[in-house]
Every structure is written in C-alpha cells, then in structure tokens.
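Below: the structure, in structure tokens.
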Amino acid sequence: MSDRPEMFEDVDEIWMDGEFVDFEDANVHLLTHALHYGTGVFEGVRCYETEEGPAIFRWEEHLDRFYDSAEVYDIEIPFEKQELTEATEELIRREGLQSCYIRPIAFYGYGPLGLNPGKSPVQVGLAVWPWGAYLGEEALEDGVDVAVSSWRKYASSQIPTNAKTTGTYVNSVLASLEAKENGYTEAIVLNKEGNVAEGPGENIFLVRDGEIYTTGLAESILDGITRRTAIELAEERGYTVHDDATISRGELYTADELFFTGTAAEVTPIRSVDDNEIGAGTKGPVTDEIQTAFFDLVESGEREEWFRYV
Ligand code: PPE
C-alpha cells in the first residue's frame, strides 16, 4: 500500500478488459505495442459530488471523443459504449467515491511488435481515483505563473491533434518539464506557425475589452470539452466569444485576462506569462464569472443533459 502514489492510495480495483481486477493486478506485458509506439488513446473525465450523489460530467461527449480518437488509429474498442458506461458507474460505486477523476484507456496490447499494429489485440481499461485541483488549490484562486515553451505543438498535419493519443503526450511532458525546471507552474505551447496553441493539458482563453477569445480548432489543439463548456457558459452570460481565434504570443502579454480550461485543470486563472503580469496579476473579473459559473454548474449537477448520475 505505502509505496503507491498518494493519489491511488485508497483505490481497490480497476476495470480491465471486461473484468474488475485488484489494483495490483492491473498490469500489462513488457512487449505491449502501445508501450513501444504510443499507440493508445485515452480520456480524462470528472465525476462531481452533487446533492443527488456523484454525477459524471459530460460523459457522452468524452466517450464519443474516446471512440473517435480510437478510430484514427484503427483501434477497435471491443466493448459497446453502454458497457463502458456501466463498468465506469459500477467502479465508482465499488470504490464508494463521491467525486473522482475517470481515466478510460484503449491501446494495442501485447502481440507482435513492428509498426503495423494489425495483429495486436486491443486492450481497454478504466480507472478512477480522487484528484483534487490539478494545478493546486491556490491556483484556482490566485492564478498560475506560466511560460511560453520552447517546444512547439506538433501540427495537426503531422499527428491528429483532435485525437487524445497516449504517445503524443511526450510533447506535453517536455513542455511541462521545461516550465517546472524554470520555476513556472505550467507552459503555453505555440503551434508550428508560432501562434498560441494550448497548454500541455489545457485549452486557453483570453479576455480583451470585455470579449473572450479562444484558439480555434485549426490551431492544432485538442477540442476540449471544458473549452466547449466555458464557451457556452460565457455566451449565456452575454459575452461575445471568438472561438476560432488566432492568438499571437504578444497578445498574451497584453491580455486583460487569461485562463486555462480542462477536465483536470477545470477553470484556472493565469496571472503571469513569461514574468509579465496579466491584468492586475490576480484572477480577473471575467475569469471569476466563468469559473464561478463552472463550479456552480458541476456542484449543482443542475443541467441534466450534461450529467450522468451514478
Ligand atoms: N488540451 C490538451 C492537450 C489536453 O490534454 C486537455 C485535457 C485539454 C486540452 C482540455 O480538454 P478537456 O479535458 O476535454 O476539457 N487534459 C487531460 C489530461 C490531463 C493529465 O495530466 O493527464 C485532462 O484534463 O483530463
């Protein structure tokens, strides 16, 4: 127990290839295709504690993206969406969790090696664990200090950026390591053209003169589900949202406000970029409004079509 990472300390079981197995038994072979070539796809989903009990936020959209990501690599997930839904709910119930992070993963497993994964079996797993504020609890209030990475985001013409592929996260890992080594909490990654793409695990929003901008899907970003949520919440509050923006590095420095969105990061303010203070160097008013709307939503579970009660 004690040598487990803290976040997994109380997890008893994992669902793997159709069965609930003990946490310690959720293992793969060394010659797993995805371990060598990164041929896996995954999701990150949050389940929130609401008055009606645990509720999974925008599960269907995450599941759709999961199967779409798999399709890009000809990964045929050998389970119906309904089966994965039931397994996830059962896992959350078995673990007795009121809120958690959910990690579905599908990958080419142990089979012949070589780049064509054709004969490798597809393996599927579901894990859940409690995961607090991704960039720290204070980050949600005070904002994070970020740096533009020297690593560029791979272009969607090189690797599809709308698929959430395990292997491609080496790009995020490099950006994240660099930011932390230089004393920043998180990175912003520019695309091949040199415009803003996203964070290593977040989409990015900019506020200028009362209007909201977020980088467009053609800027080599992941089509984030929290991004979609933030756009909708902002529009409902009367904001003009430019959701196909091209944002230059310089525009980051002169923004009134900046914030990240993501399943793990939720809505996190950015207080500085490359040591340039953004706005007043604290959470800005528009960010605060969107963040409050977001947490009110997920804690109330009120918009029924966006929640699946466990
Ligand atoms: N861009 C990237 C590159 C990304 O990984 C994420 C999610 C997003 C944008 C936001 O997408 P969405 O979660 O659908 O709003 N990053 C996941 C992985 C984080 C991790 O460290 O692992 C997440 O937030 O679950």
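In this chain, residues are counted from 1 in sequence order.
No option in E277, R271, E186 other than R271 meets the side chain to side chain contact (heavy atoms under 4.5 Å, CB included) test with D145. Screening D64, T226, T229 for a side-chain hydrogen bond (donor to acceptor under 3.5 Å, both in side chains) involving R58 leaves a single residue, T229. Checked options I221, V189, L252, V146; the residue passing with I204 is L252 (criterion: side chain to side chain contact (heavy atoms under 4.5 Å, CB included)).
In this structure, the side chains of L217 and N162 stay at 4.5 Å or more apart for every pair of heavy atoms. Looking at heavy atoms from C-beta onward, E60 lies in side-chain contact with R308 at the 4.5 angstrom threshold. Side-chain contact check for F66 versus H62: every heavy-atom pair is 4.5 Å or farther apart. Proximity of Y73 to T165: side-chain heavy atoms (C-beta onward) are separated by under 4.5 Å at one or more points. By the 4.5 Å heavy-atom criterion applied to side chains, F107 and L35 are not counted as neighbours. For the pair R94 and F20, the minimum side-chain heavy-atom distance is below 4.5 Å. Using a 4.5 Å cut-off on side-chain heavy atoms (C-beta onward), L84 and W15 make contact. At least one side-chain heavy atom of L222 sits less than 4.5 Å from a side-chain heavy atom of E198.
The CD1 atom of I75 sits 12.0 Å away from atom OH of Y67, with the distance rounded to the nearest 0.5 Å. Interatomic distance, T214 OG1 to R227 CZ, rounded to the nearest 0.5 Å: 4.5 Å. Taking CD1 of I270 as the start and NZ of K283 as the end, the distance is 14.0 Å to the nearest 0.5 Å. Atoms CG and OG1, from N171 and T161 in turn, are 11.0 Å apart once rounded to the nearest 0.5 Å. In this structure, the separation between OG1 on T88 and CZ on R103 is 13.0 Å, given to the nearest 0.5 Å. Considering NE2 of H33 and CG of L115, their distance stands at 6.5 Å, rounded to 0.5 Å.
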Test side-chain contact (heavy atoms from CB on, under 4.5 Å) applied to Q123 and H29, step by step
CA-CA 11 Å; Q123 293 195 255; H29 197 277; over 6 Å; no
Residues T261, F294; criterion side-chain contact (heavy atoms from CB on, under 4.5 Å); working and verdict:
CA-CA 10 Å; T261 65; F294 178 81; over 6 Å; no
Kindly indicate, with the supporting measurements, whether the criterion side-chain contact (heavy atoms from CB on, under 4.5 Å) is fulfilled by I278 and V273.
CA-CA 7 Å; I278 304 305; V273 178; 3.9 Å; yes
Between C47 and I92, is the side-chain contact (heavy atoms from CB on, under 4.5 Å) condition met? List the steps.
CA-CA 9 Å; C47 174; I92 294 170; 4.2 Å; yes
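In terms of hydrophobic clustering, with Ile, Leu, Val, Met, Phe, Trp and Tyr side chains grouped at heavy-atom distances under 4.5 Å, V310 and L126 are assigned to a common cluster. Hydrophobic cluster membership is shared by V72 and I77, with clusters built from Ile, Leu, Val, Met, Phe, Trp and Tyr side chains linked at under 4.5 angstrom. Placement of V124 and V45 within a single hydrophobic cluster is found when ILVMFWY residues are connected by side-chain heavy-atom separations under 4.5 Å, directly or transitively. W129 is not connected to L97 by any chain of hydrophobic side-chain contacts under 4.5 Å among Ile, Leu, Val, Met, Phe, Trp and Tyr, and they are in different clusters. Under the 4.5 Å side-chain heavy-atom criterion for Ile, Leu, Val, Met, Phe, Trp and Tyr, F205 and V267 are members of the same hydrophobic cluster.
Side-chain contact, D74 with Y108: no donor N or O sits under 3.5 Å from an acceptor N or O. Remark: the Y134 side chain and the T268 side chain contain no N/O donor-acceptor pair separated by less than 3.5 Å. Looking only at atom types and distance, the side chain of E251 has no donor-acceptor partner in the side chain of Y213 under 3.5 Å away.
Not one N or O on the side chain of E302 forms a donor-acceptor pair closer than 3.5 Å with the backbone of L297. With Y110 contributing its side chain and P121 its backbone, the two residues share no donor-acceptor pair below 3.5 Å. Of the possible polar contacts, none joining the Y253 side chain to the D274 backbone as a donor-acceptor pair under 3.5 Å is found. Of the possible polar contacts, none joining the E202 side chain to the A265 backbone as a donor-acceptor pair under 3.5 Å is found. The closest donor-acceptor contact from the side chain of N191 to the backbone of E193 lies under 3.5 Å. Put simply, the side chain of T32 never gets that close to the backbone of A34: no donor and acceptor are under 3.5 Å apart. Between the side chain of S156 and the main chain of S220, no donor-acceptor pair closer than 3.5 Å is present. D256 places a side-chain N or O within 3.5 Å of a backbone atom of D209 that can act as its donor or acceptor partner.
Salt bridge absent: R65 and E61 never bring a charged side-chain N and a carboxylate O closer than 4.0 Å. By the 4.0 Å N-to-carboxylate-O rule, D243 lies too far from R228 to be salt-bridged with it. A salt bridge is absent between E219 and K153; no separation between the charged side-chain nitrogens and carboxylate oxygens falls under 4.0 Å. The residues E266 and R46 are annotated as salt-bridged, a charged nitrogen and a carboxylate oxygen being separated by less than 4.0 angstrom. Using a 4.0 Å cut-off between charged nitrogen and carboxylate oxygen, K164 and E43 do not count as a salt-bridge pair. Between R4 and E24 a salt bridge is recorded (basic side-chain N to carboxylate O distance below 4.0 Å).
Within 6.0 Å of atom CD in E235, more than 12 heavy atoms from other residues, nucleotides or ligands are found, so the atom counts as buried in its surroundings. The environment of CD in E236 is crowded: more than 12 heavy-atom neighbours from other residues, nucleotides or ligands sit within 6.0 Å. Environment of CD in E305: crowded, with over 12 heavy atoms of neighbouring residues, nucleotides or ligands closer than 6.0 Å.
Taking the six-membered ring for Trp and the full ring otherwise, Y169 and F42 have centroids separated by under 6.0 Å.
Ring-plane geometry between Y48 and F57 is classed as perpendicular, the angle between the planes exceeding 60 degrees on a 0 to 90 degree scale with a lower cut at 30. Relative ring orientation between F23 and F8 is described as tilted, the plane-to-plane angle lying within the 30° to 60° band.
The two residues A163 and S69 make their nearest non-hydrogen contact at CA-OG, 3.5 Å. For the residue pair A175 and W151, the shortest heavy atom distance occurs at N-CD1, 4.1 Å. Q291 and P269 make their closest contact through NE2-CD, 3.9 Å (heavy atoms, listed as atom of the first residue, atom of the second, distance).
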